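First comes the structure, then the notes that go with it.
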Amino acid sequence: MSARSWLRRTYIERDRRERALREAMLAAGPACADTDAALFTAPDVFEPEPVAVRQDREAAAKKICAACPARTACLAYALAIRPTEGVWAGLSATEIRALSLYRPASEPGREVA
Ligand code: SF4
């Protein structure tokens, strides 16, 4: 298999996996479906959000996530897509990125020193 073909298959498979995770999250009944999306995402990059305002907004979003039936599916989806902003499964994008960097030692392919 050529490198180009391998790369194409890899992207197709990743896209398929992400779509399945997104559908699972939506099927689980996300609590944020009927709320203002602006509560979960940062404002426009040209309008910096003051730290205190962001903290309040994220805290309010995380409260909704805490009671969300789709939280586990949302976390799986967020770990797959690694968002750069917003609140997902009760975590900020920064917290999601930190979690996605963690891989248990038992995970296949991980080298243990
Ligand atoms: S966990 Fe939070 S961000 Fe994820 S679907 Fe539920 S309410 Fe929305």
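Each ligand, and each atom within it, is numbered from 1 in the order the structure gives. Quick caveat, the model's predicted, so the values are computed rather than measured. Values below: all heavy atoms of this structure, side chains included; hydrogens, waters and symmetry mates excluded.
Residues P69 and G29 share a closest heavy-atom pair of CG-O, 3.2 Å.
When hydrophobic side chains of Ile, Leu, Val, Met, Phe, Trp and Tyr are connected at separations under 4.5 Å, L7 ends up clustered with M1, W6, Y11.
A salt bridge links E95 and K62; the closest N-O separation between the charged side-chain nitrogens and carboxylate oxygens is under 4.0 Å. The residues E13 and R9 are annotated as not salt-bridged, no charged nitrogen and carboxylate oxygen being separated by less than 4.0 angstrom.
Between C65 and F40, some side-chain heavy-atom pair lies under the 4.5 Å cut-off.
Side chain of R82 to backbone of R97: no donor-acceptor contact under 3.5 angstrom is found.
Counting only protein atoms, the N, O or S atoms lying less than 2.8 Å from atom 2 (Fe) of ligand 1 are C65 SG, ordered by chain and residue number.
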